[in-house]
Every structure is written in structure tokens, then in C-alpha cells.
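Quick note: numbers below take in every heavy atom, side chains included, and nothing from hydrogens, waters or symmetry partners. Letters A, B, ... are given to chains in the order of the sequence lines, protein chains preceding strands, and every chain is numbered from 1.
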Amino acid sequence: MSQQAANGVPHRGKVLTLDSMNPNVKRVEYAVRGPIVQRAVQIEKELKEGVKKPFTEVIKANIGDAHAMGQKPITFLRQVLALCSYPELLEDNKFPEDAKQRAQRILDACGGHSIGAYSASQGIECIRQDVARYIEKRDGGIPSNPDNIYLSTGASDAIVTMLKLLVRGEGRDRTGVMISIPQYPLYSAAVADLGAVQVSYYLDEDKCWSLDVTEVRRALNEARQHCNPRVLCIINPGNPTGQVQSRQCIEDVIKFAKEEHLFLMADEVYQDNVYAEGCKFHSFKKVLFEMGPEYSSTLEMASFHSTSKCYMGECGFRGGYMEVINMDPEVKAQLTKLVSVRLCPPVPGQALLDLVVNPPLPDEPSYTTFMKERSAVLAALAEKARLTEQIFNTVPGITCNPVQGAMYTFPRITLPQKAIDKAKEEGTVPDMLYCMRLLEEEGICLVPGSGFGQREGTFHFRMTILPPTEKLKVVLEKISHFHQRFTKEFS
Amino acid sequence: MSVLQKISQNIKNIKPLEYEILARRLGLMMKELRQGVRKPFKEVINVSMGDLHTSGLKPLSFVRQVLAACLYPQLVNSSRLPVDVRQRAQRLLGECVGGSIGSYTATAGIPEVVQRISEFITRRDGGVPSSPDNIYISPGSQWCLMNMLKVLVNSESSPRTGVLTPVPSHCTTTSSIVGLGGVIVPYYLTEENGWQLQVEELQRALDSAKGICNPVALYIINPGNPSGQVQSRKSMQEVIQFVRENRLFLLADEVYQDLVYGEHSEFISYKRVLAEMGPPHADTVELASFHSASKGFIGECGLRGGYVELVNLDPAVMKHIHTLFSTDSCAPVLGQMALDLMVNPPQPGDPSYPLDDMEREHIRKTLVHNVKRVSEVLNSLPGFCCQPVEGGAFAFPRLFLPPKAIQKAKEMGMQPDTFYCVRLLEEAGVLILPGCEYGQKEDTHHVRFCILNPQETMEEVLRRISCFHTQFMREVS
């Protein structure tokens, strides 16, 4: 007993403890940067210090970060941004005219002609206008109003902002947020943080991870018994699953959301990452409007996009936007108020977004190089998607759905009962045990399926398809061999 | 009926900004100016935000050169850029995964940058140790603050969580607290005393919270915004003593630490004062200190780089804080680099040093001059009284409005100081913000404007305000 306690003086504990802290924050998890990644970073440190391991580097196939894996930035984008950063370079004839013009236009829209000035909270006006025009062009002319565009710090910022706005109520009236299983764990983290209720609906693994409205309805009806489901989140192309939803499916989801009075959140950050033949990206907004005014004038929706994925892969810029459709004007005023609290999104990210929606035109000097680089990136991804599916499906115990889009594969792994028991013994889950072993033995960092959600009794992992093709081949081989070793060890 | 008509009550509770009223007017006026409508001024001067670059002061060349080379690495080999710029860019690129600023970074920030920030903190604080494990970089210091508030404020608890905040206070913090379902417990700074904090007032504020909420934290900003005071060491010790005795978490916002003008003012960090008080305070007071690349001479508001240093936190809670920050992925890489360049400017002997030093000195001289002129001009105008601006980005003079002005404002459905600002904007083309935006003692009125301007701009602002003020006061006398 401490002297203080013996004297009857209350023991001075911390002010901020596990007991006194916000309980919602304790429930937050984010597997993409979770325990396995922390172990990977530790191993990297050990390698640097000269500790001997069965491998010389850790391959971080856990995070959708293209540049980290060696993908090169698009020249045009970086030229304009460099000009924006140090406008003296506008006099340097090594930079093409079209890059200079874009830089000048962006700088003219910035306070004091500097990308270091605050912008309006909603984002620089002329950039929002450019985004609206891009959306109109993409969606075959369906109008887009710049006032409905909110630039953000990556799509994540906008997603969390919408959820902050929507989550309310107590007890049975507490907002339920419908999330696909498997999902990108930002959604479950935000739901936990906000104290909302997660309402999970399962994607159909046997049908290439497609969404089945019957299953969504089942989840909704069950949830209505204990909460007030108001939001339906969908990621298309999917993360981690890589499925590209069919047009029919998108129509079904829209109909469902309208019938059941749900706010639709369409996460479309991978819209340029579509590889499989017969698959096409259909924006939710386009389909909505093509379904006619019965839907297009009533369904309330937000679509999200980002500069972190597609062919740009500029994760470090934290650029993104959302477009809100049919939002009640009073609610929109609240949204505008809410975004002003975080001041403004990073201006370089806004500038980058402007270039993504305003790429070089066919008659401009940078066009040829730009298109070449863009096509090369997307072609490489398509090839890696195909290769991944092909190789994994040759391994007994690994089943891999086609990687139709996005940047990941989410194969199902069969684990022997003994491995499942061992995991239980160690107080962990089977796919975490599997992934940890893979990390320790081969230096490959994946994220266990449990971090994304999966049907009970099934196991998966998420691997990115981003390493350069030759390295990817090696990674696929190593995982295949590891899987067979692991299965043998635990049989 | 709209799905969305029922939205979060906490969000609804966030006070709308008076700024919106002025922004709408500004929008209309800009349109009119573009259309060639005649006005008594050619352009509007916007001194509403603490933004060096918008005001017309230039970014630091060294910073922008390094960032340009990081953005377009071909420049690393360009003889257009000084050698030290190229070396710095090369080093930073080497610290990025895949050699690209387009990659995500570790959650807390690029490890080497975080390390260098901790070294800066130690240098700044006369040797007080700082661990990189306790530092998190975010898209701006307010984002870090928001995350810390998330951990502290339990929106479902009964009684609700309270946070002591100063009056006047800039709105981002108070809005964040309300948005999280927390309760603001205001403590009033003493205007007559140069906006200094009296610790008795902290006690009064805390007592007033009894039965209303459960105060868990005290937020303080030094140098102050909008009030511009710089705290003395003695006052800081009193605050530390107070938070320890009353079991409060200390949130110390120090983003204006590089902007100190008062001849007898000196910025000392809360961390340093805490450490120098020794045990038991030094080992027990839980502190979060915030800094940013948005203010200071670097003024890179748009790059969104800020950090928090956590002191004496429970390790179990730190784990959850790490997870929370990880859901944001990482801060924008350019913002992280701006922080690095801020804490590690060129040194004597470096090729970029002469220019960098000259640019900084120019800004410093400008700001010291501006502060002097603001005091001279406003304090000679009847109806204005301006406390000395010892530090920070703003002047926050008091306006003494006659009853007629207050009546006119009421008729317009506006707060009196908002009314003043609207008239100033429309008639003189200067955008400043009303004191009611920040909180003030009842029946007092103030305005806030940024002093981070080129001298000519500051003179023009003061000229226009003087002119307008004289006319306005005549009208309402």
C-alpha cells in the first residue's frame, strides 16, 4: 500500500485513463494500420539493425499505396504542382506551356497567389466548378452544381463528415449505418467513434462478391428491431473485394434506398481502376438520373472520390471531394457550417484534384506523355490483377475471386482445424495467426480478413496488387508455398 | 420528408459563424466590382483571417524551393536551385516511402521528421527531453486538437464533459467541443489588464460548472487569439498548479509561438515551464501542446501541417490515441515537410541563409511596425481602445458604440459589432470580424483584424478604418 493511501490520502491517478476516456474511442479499430503493420515496422527496424532474418526486406502489401510500391508519379501533375509551389519556375523553359497555364490559373484562385493561403472551407471555387464539369462529362451531360461539391482531405474526411452529420438519436432511435461485409474499416471505425450502430450486410462471395438486395433487406429488417437504420454505404469498385457492381445491381440499390428511406453513400474512389472484361464503372449519380425523376429528384445521396487511387496514386496529398445530391437546404447549411470547423482541405490536394479533372487535352503539349503514363499504370494494374487471380487459384486451399477492379485481392483461405485451435489458444483469430506467421517467415505484410469482416467460419486476407510485376510474382509464389507449409504443419 | 431533416443535435448546436453574414455581403460586392459598379474603393482588403499569404506577405523562398524539388524531383539536379535546397529535398525524398511524396506516411508522420521535431522541441525548451513517440502530425493543429477532444469528451456521459475555454476565443476550438457533445465552461480574460489571465477567474469558472457538467480539461492559447497577450512564466505556473489541484487535462495551443512583439514579452512553452517546476507537477500534469506550420513566418496555412506533443499520458490511453490517429491515415506530406522546414531553417554558412534570414527579418520588422501603428492609430480614435498586441496574428480592439448604433443594429437583426463590420465592409471595403464571434463580456463590443500584412496594406486598412469610424460615429452620436 502506498504511503499516500496508508495516510488516507486518495491516490493520485491520471486524469485521462481507460475508465475516464471516451468509451467510443476504445472501440475504434483500423486493421489497415493495425497490430500486424506495427509488427512489420518493428521487423523493418530489426533488419536495419542487422538482425538476421529469412528475408532482406518487408514487403508491405497491406496498404493501397501505389507510390510506396514503386509506381511513378504522373509527370504533368508534378510539374504543375512544382510550379504552384515555387512560381519563379514559370520562367523556366523546361516546363511545358500547358503546365504553366494550369499553374497560373490555380495560383490566381489562391489567396495572395499562394498555395499556402487558406482556401474557402468548401474548397477553391474554380476547382469546384472544374470538378462539376468533370462529373457532367463523365456522366453523359447530367448537370452537376458546384455548390454541391465539397472538397475534402481525402475521401475519408468527407465520409466521416457525412456520418457526423447523420448520426443521432438514442436507444432504439440511434442511427444505424449499413456497411457491406467485407468493408474498408474506415466505416466501422467511424461508426464506433460516433457511437452509431453498425448494420452489416454480406456481399456474396460465391457470386464474385456482388451485392444482393435480398440480403441487404434482411439486414435492414433485423436492424430495425434495435436501431434506426438511415444510411446505406457502398464501395464501388469494392475494397477489399475488388468487385465492380453491375448496372442492374446499382439500380436495385437505388430502388431499395428510396423505398426504405435511406441516405446513400457511394464511395467511388477506385472508379478508374476497372480491369475485368465485361465490367464497367457506372457512377451512382448517372444511374440515378437515368432512372428518371421518380428517383433522381428524391433519393438523397453523396458520392465520394479521391486523388489517392486510380492512376494517380497520390495518397500523400490527401485530396478528395464529395458531391451531395438532393440535400435539404437547411441540412446543407449545417454541412457547410460543419466543414468550416476544420478550416480547409490541403490546397496542394485541391490543386492536384483540379489537374485530375482537367487533364491535358489532345491538342496540348503534355497530352501524349500524360496518356502514355496513365495507360501504362492502368495496364500494369490490370495485368497484375489477372496474374494474382491466376496464381492464387492454382493453390489448393486458396480460392480467389477475379479482381475486377480497385487494388486488392481478398482470397479465401482454408485453414486446418488445428490452426483454428492454436489461434484460440494464443488469444488471437485464425487469419491473424496465419498472417503473422507469413510476416515472420517471409517478410510479407498482409491484412487478415477479420480486419474487414467476413462470414463466420470463413477466413481471408487482403493483399494489394501494387508491387511491381516481377516482385509480385515472387510474392505470390512465396505466399503459395507458405500456405502449403502452413496447411501441412497444422494437419 | 427528407431523410436528413433529422441530423445530429451536437452539430446543430454549433453556433453558426457571424463570418457567414459578412462572406455573403463580400460575395455580392465582389460581383459588383467585377461588373464595374462604382464604389468608394477599388478592391476589398480582407484582413479577417490570420493568413500571411492572403494578406500579401510572401512565402519563404527556401521552403518553397525545397517543396518544389520534392514535388518534381528532376529539380534536385537543377542548378537553378541552391545546393542546400537540393540536399534538403534529396534527404526528405529519401525519407519518403518509395521516394515519393505521393505515398502515405507512418500514422504519426515521417519518422525522421517527427524525430527532428522532437529535437527542435528540446532545443527550444533549453534541453528538456522530448520523445518522438509522443508526437503526432495532423492536417493542422486543430485536427490534432479535435482528436484529443474526442478522447476527452464523452458525449453520452451524465453529467456531460466540460472544457474550460477562454473568452475571447477563436471559434474552431469551441465549435469542436460543442460538435462532440461537450460543454463549454468559459473563463474571462481581463481586458483592462492586457487580456491577462487571472487564476481566480479559473476558479470561478470551475465553480460555476458544479452541477452543470464535469470539467475534464482546460484549453489555453498562448500567445492569444484573438486577444494577443503573451503569458508570463508566473501565470503559467499558476495555471499548471490549478490544473493539477483540480485534476484537469491541459490543452496548450501554442501555434503563435514565433509571433511575439512585446518588448518585455517572451514565449516560453508550457512543457518547459512544467518541466522546470520539477516534481510532483512535472511528472503528473497531463499536457497536450499544439504547434503548426500555418502561423509564424512560414505562414503555410494551406498546406495543413500541425502537431501535438503529449506529456505524462497513460500508456494504455496512448495506444487508443494512436489507433484514432491511424484512422486519418496520415497528414498531407507537404504539410509534414513544411513543419520540418519550419523547425530546421537554413543556418549561418548555408547558401540559402542570407536570403532566408533577410526574408524573415523583413516579416518580423513589418509585424513589429504594424503592431505599433495599430496602437497609435486606434488609440487616438475616440470610440476605440486597443490593448497592446504582445503576440499572435490579430488586434482585438474594443469598440465603444453609442446607443443609436446599438439600436440600428437591432433593427437590422444583427449584433452591434457585426453591424459595424458590415457597414465597414460596404462603405470602406475592409473585411474584419466582430467580437461576438469570439465571445466578450456582455454589453462590450470588439472587432478582430489580422496584423500580418505588408506595411502599405496595414496603413491602408488603418486609414480606411479611421475614415469610416469617424463618419460612422458622427452618424450615430
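Counting heavy-atom pairs closer than 4.5 Å to chain A, the top-ranked of the candidates B:C301, B:A217, B:A23, B:A316 is B:C301. Chosen from B:L75, B:L57, B:L17, the residue pairing most often with chain A at heavy-atom distances under 4.5 Å is B:L75. When A:A117, A:S340, A:A190 are compared by the number of non-hydrogen pairs under 4.5 Å with chain B, A:A117 comes out ahead. Counting heavy-atom pairs under 4.5 Å between each of B:L81, B:V97, B:I298 and chain A puts B:V97 at the top. If you tally non-hydrogen atom pairs under 4.5 Å between each of B:P73, B:A331, B:S329, B:S176 and chain A, the highest count goes to B:S329. Comparing A:G111, A:P345, A:C315 by how many heavy-atom pairs each has under 4.5 Å with chain B, the most go to A:C315. Listed options A:K164, A:M312, A:M69 were ranked by heavy-atom pairs under 4.5 angstrom with chain B; first place goes to A:K164. Of all the listed residues (B:N312, B:I101, B:N10), the one sharing the greatest number of non-hydrogen pairs under 4.5 Å with chain A is B:I101. For the set A:V160, A:I63, A:V341, the entry with the most heavy-atom pairs within less than 4.5 Å of chain B is A:V341. Taking A:L352, A:L194, A:I115 one by one and counting their heavy-atom pairs under 4.5 Å with chain B, the maximum is reached by A:I115. Ranked by heavy-atom pairs under 4.5 Å with chain B, the list A:L186, A:D92, A:V231 is led by A:D92. Ranked by heavy-atom pairs under 4.5 Å with chain A, the first of B:L67, B:N214, B:V151 is B:V151.
Counted by atom type alone, B:N453 and B:S55 present one or more donor-acceptor pairs between their side chains at under 3.5 Å. Side-chain contact, A:R78 with B:S100: a donor N or O sits under 3.5 Å from an acceptor N or O. In this model, a donor atom of one side chain and an acceptor atom of the other lie less than 3.5 Å apart for B:T173 and B:H170. Defined by atom type and a distance below 3.5 Å, a donor-acceptor pair is present between the side-chain atoms of A:Y184 and A:Y30.
Within the 4.5 Å cutoff, the side chain of A:E88 has no heavy atoms near those of the B:Q65 side chain.
In plain terms, the two heavy atoms of B:S138 and B:W143 that are nearest each other are OG-CD1, 3.6 Å. For the pair A:M327 and A:M162, the tightest heavy-atom approach, listed with the atom from each and the gap, is CE-CE, 3.7 Å. Looking at every heavy atom in both residues, B:F249 comes nearest to A:L16 through CE1-CD2, 3.8 Å. For B:L251 against B:M148, the heavy-atom pair with the smallest separation is CD2-CB, 4.3 Å. Among all heavy-atom pairs drawn from B:G109 and B:Q336, the shortest one is CA-OE1, 3.2 Å.
Residue A:Y187: no heavy atom, backbone or side chain, is found under 4.5 Å from chain B. Proximity to chain B is limited to the side chain of A:K337, based on heavy atoms less than 4.5 angstrom apart. Both the backbone and the side chain of A:V15 come within contact range of chain B, with heavy atoms under 4.5 Å apart. For a residue to count as touching a neighbouring chain, one of its non-hydrogen atoms must lie under 4.5 Å from one of that chain's; by this rule A:T17 touches chain B with backbone and side chain alike. Heavy-atom distances place the side chain of A:S308, and not its backbone, under 4.5 Å from chain B. Interface remark: B:R304 contributes side-chain atoms only to the contact with chain A (heavy atom separation under 4.5 Å). Proximity to chain A (any heavy atom under 4.5 Å) is restricted, for B:E156, to the side chain, taken from C-beta onward. Neither the backbone nor the side chain of A:T175 comes within contact range of chain B, judged by heavy atoms closer than 4.5 Å. Only the side chain of A:L338 comes within contact range of chain B, judged by heavy atoms closer than 4.5 Å. In this structure, chain B has a heavy atom under 4.5 Å from the backbone of A:E29, while its side chain stays farther away. When heavy atoms are compared at a cutoff of 4.5 Å, B:C70 approaches chain A solely by way of its backbone atoms N, CA, C and O. For A:E260, no part lies under 4.5 angstrom from a heavy atom of chain B. With a 4.5 Å cut-off on non-hydrogen atoms, B:V317 touches chain A through its backbone and its side chain both. Of the atoms belonging to A:C84, it is backbone heavy atoms, and not side-chain ones, that fall under 4.5 Å from chain B. Only the side chain of A:R318 comes within less than 4.5 Å of a heavy atom of chain B; its backbone N, CA, C and O stay farther away. Interface residue B:T327: backbone and side-chain heavy atoms are both found under 4.5 Å from chain A. With a 4.5 angstrom heavy-atom cutoff, A:A189 touches chain B only via side-chain atoms.
With rounding to the nearest 0.5 Å, the separation of CD in A:E170 from CG in A:N228 is 12.5 Å.
A 6.0 Å sphere centred on CE of B:M318 holds more than 12 heavy atoms belonging to other residues, nucleotides or ligands. Around atom NZ of B:K15, more than 12 heavy atoms belonging to other residues, nucleotides or ligands sit under 6.0 Å away.
Note on A:E44 versus A:K60: salt bridge recorded, some NZ/NE/NH1/NH2 to OD/OE distance being below 4.0 Å. Remark: A:R27 does not engage A:D193 in a salt bridge, criterion side-chain N to carboxylate O under 4.0 Å. Salt-bridge formation is not detected for the pair A:E314/A:K309: no Lys NZ or Arg NE/NH1/NH2 atom is positioned less than 4.0 Å from an Asp or Glu carboxylate oxygen.
For the pair B:T284 (side chain) and B:P280 (backbone), a donor-acceptor distance under 3.5 Å is present.
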